[in-house]
Amino acid sequence: LQSIFEDARAKGFAFISDGDVNSKISTVLVKLEEGAKIDSTILKIKMAVPGVKVIESDRMLKNNGKTLSSLLSFLYALVAVFLIVTIFTLAFVFSLSINERLKEFSILRTLGATRKKLSAIVVLEAVILGFAGGLSGIILSSLIVFPFNAVIAQKISLPFIVPQIELIAAFAVITFV
């Protein structure tokens, strides 16, 4: 490790400012020539540098892929549960709303409103409430995300790029159509 550091410093790369390589954790990437055997190279590295941990990139990527796949499956299941609970909750709330307004519907029926017209009123009300809820959700999330995008990017240690307002508006229109 010391010789790698000295070679890098000689070439103008001073990535360890204090020069103390013994207290640093480092990663060295090795690219094999075509036709070289991975297992024999790993064995040679382990024999040449005692105490080193050698990780083959293909195995590491496969393990990371399996872990991410498991996490993604869990998130899909969680989203499905939330969606089912939301649907049942909304159905229950609208059922209660309709039961509360039975008197109003009875009066409308005596005034000549058809069942089709009453159904249209309930559906229109649901659409208006859904649209208002979606729009308020977009506005509230924008008020939270846009001012704090730098903090969010820093906390999750990933770049966070705010999309253009036109793109956001296009997705909003597609969502509501």
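The figures that follow rest on heavy atoms only: side chains count, while hydrogens, waters and symmetry mates do not.
Atom CZ of Phe94 and atom OG1 of Thr89 lie 12.0 Å apart (nearest 0.5 Å). To the nearest 0.5 Å, the span separating CD on Glu100 from OG on Ser97 amounts to 8.0 Å. The distance from atom CD1 of Ile139 to atom CG of Leu135, rounded to the nearest 0.5 Å, is 4.0 Å. Here the OG atom belonging to Ser40 is positioned 8.5 Å from the CG atom belonging to Leu32, to the nearest 0.5 angstrom. Taken from OG in Ser119 to CZ in Phe105, the straight-line distance is 8.5 Å, to the nearest 0.5 Å. For the atom pair Phe82 CZ and Leu78 CG, the distance stands at 4.5 Å (nearest 0.5 Å).
Between Asp39 and Arg59, at least one side-chain nitrogen of the basic residue sits less than 4.0 Å from a carboxylate oxygen of the acidic one, meeting the salt-bridge criterion.
Contact annotation: the side chain of Lys53 never approaches that of Lys46 to less than 4.5 Å [non-hydrogen atoms, C-beta and beyond]. Using a 4.5 Å cut-off on side-chain heavy atoms (C-beta onward), Lys44 and Ile42 make no contact. Between Leu102 and Asn99 there is a side-chain heavy-atom pair separated by less than 4.5 Å. Between Glu125 and Leu129, some side-chain heavy-atom pair lies under the 4.5 Å cut-off.
Here the side chain of Thr41 pairs a donor or acceptor atom with the backbone of Lys37 at under 3.5 angstrom.
One hydrophobic cluster, built from ILVMFWY side chains closer than 4.5 Å, holds both Leu108 and Ile98. In the hydrophobic cluster analysis, where Ile, Leu, Val, Met, Phe, Trp and Tyr join through side-chain heavy atoms closer than 4.5 angstrom, Ile45 is grouped together with Ile38.
Screening Ile121, Ile128, Val122 for a side-chain contact (heavy atoms from CB on, under 4.5 Å) involving Leu124 leaves a single residue, Ile128.
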